[in-house]
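Numbers for residues simply follow the sequence, beginning at 1.
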Amino acid sequence: MSIELVSSLGWSKTRKGEITKEFEFEGFKQAMDFVNKVADIANELNHHPDILVTYNKVKVTTITHDAVSLTGKDYDLAAIITRIYFKMK
């Protein structure tokens, strides 16, 4: 997985070197269902993104904190999160 591939999935690189994407839902309940699914996967992978919820929008940002840079863990997580989103649509 690479920055080019996650970019094609709608993720973008921040100035801090993280990758981020905002997901939009019908309402708050659907947004929180998504967050809970992401939390379950993040716990399984022991790789936890930052998550910001604003009503029906969820912004997910990830970086490998131990490495202070992007790693394969971030790209893999981004792909999994994107799959979760599309399965919910």
Side-chain angles (χ1 to χ4, degrees):
M1 187 74 55
S2 66
I3 190 65
E4 292 80 17
L5 186 52
V6 294
S7 292
S8 73
L9 298 174
W11 291 77
S12 59
K13 195 169 181 180
T14 70
R15 290 185 206 152
K16 294 180 182 179
E18 307 153 317
I19 53 174
T20 190
K21 181 173 178 169
E22 186 173 88
F23 300 89
E24 190 169 351
F25 299 89
E26 285 182 30
F28 182 75
K29 173 76 169 97
Q30 293 83 4
M32 293 308 300
D33 288 345
F34 173 75
V35 167
N36 288 327
K37 289 176 194 267
V38 170
D40 289 342
I41 292 296
N43 278 331
E44 284 179 29
L45 299 175
N46 195 30
H47 191 62
H48 305 93
D50 293 333
I51 300 172
L52 174 65
V53 179
T54 52
Y55 183 63
N56 69 328
K57 294 179 184 170
V58 177
K59 183 176 180 179
V60 180
T61 305
T62 185
I63 191 167
T64 302
H65 297 286
D66 294 345
V68 193
S69 66
L70 293 172
T71 67
K73 289 180 179 183
D74 300 296
Y75 300 125
D76 292 345
L77 183 61
I80 292 167
I81 291 170
T82 303
R83 266 186 255 133
I84 291 169
Y85 176 73
F86 284 113
K87 283 183 181 179
M88 291 181 68
K89 291 307 265 176

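- Atom OG1 of Thr82 and atom CG of Leu9 lie 5.0 Å apart (nearest 0.5 Å).
- Closest approach of Ile63 to Leu70, counting heavy atoms only: CG1-N, 4.1 Å.
- Cluster membership for Val38 and Leu52, using ILVMFWY side-chain heavy atoms within less than 4.5 angstrom, is not shared.
- Hydrophobic clustering, with ILVMFWY side chains joined whenever heavy atoms are under 4.5 angstrom apart, groups Leu77 together with Phe86.
- The minimum heavy-atom distance between Pro49 and Val60, with the atom names listed, is CB-CG1, 3.7 Å.
- Within 6.0 Å of NZ in Lys16 there are 12 or fewer heavy atoms belonging to other residues, nucleotides or ligands.
- Transitive grouping of hydrophobic side chains (ILVMFWY, heavy atoms separated by less than 4.5 Å) brings Phe25 and Met32 into a common cluster.
- Of the inter-residue distances, the one linking Asn56 atom CG with Glu26 atom CD reads 9.5 Å to the nearest 0.5 angstrom.
- Within the model, atoms NZ of Lys57 and CD of Glu24 stand 5.0 Å from one another, a figure rounded to the nearest 0.5 Å.
- Between the CG atom in Asn36 and the CD1 atom in Ile41 there is a gap of 12.5 Å [rounded to 0.5 Å].
- Trp11 and Thr62 are not linked by any side-chain donor-acceptor pair at a separation below 3.5 angstrom, with hydrogens and angles left out of the test.
- Interatomic distance, CD of Gln30 versus NZ of Lys89, reported as 8.5 Å (0.5 Å rounding).
- Side-chain contact between Ser69 and Thr64 is absent, with no heavy-atom pair separated by less than 4.5 Å.
- Using a 4.5 Å cut-off between side-chain heavy atoms of Ile, Leu, Val, Met, Phe, Trp and Tyr, with links allowed through other members, Ile19 and Val68 fall into different hydrophobic clusters.
- With values rounded to the nearest 0.5 angstrom, Asp76 atom CG is found 9.0 Å from His47 atom NE2.
- Ring geometry for Phe34 against Phe23 counts as tilted: the plane angle lies between 30° and 60°, on a 0 to 90° scale.
- The existence of a salt bridge linking Lys37 and Asp33 is excluded, since no basic side-chain nitrogen approaches an acidic carboxylate oxygen closer than 4.0 Å.
- Across all their heavy atoms, Thr71 and Ala67 have their closest contact at CG2-CB, 4.0 Å.
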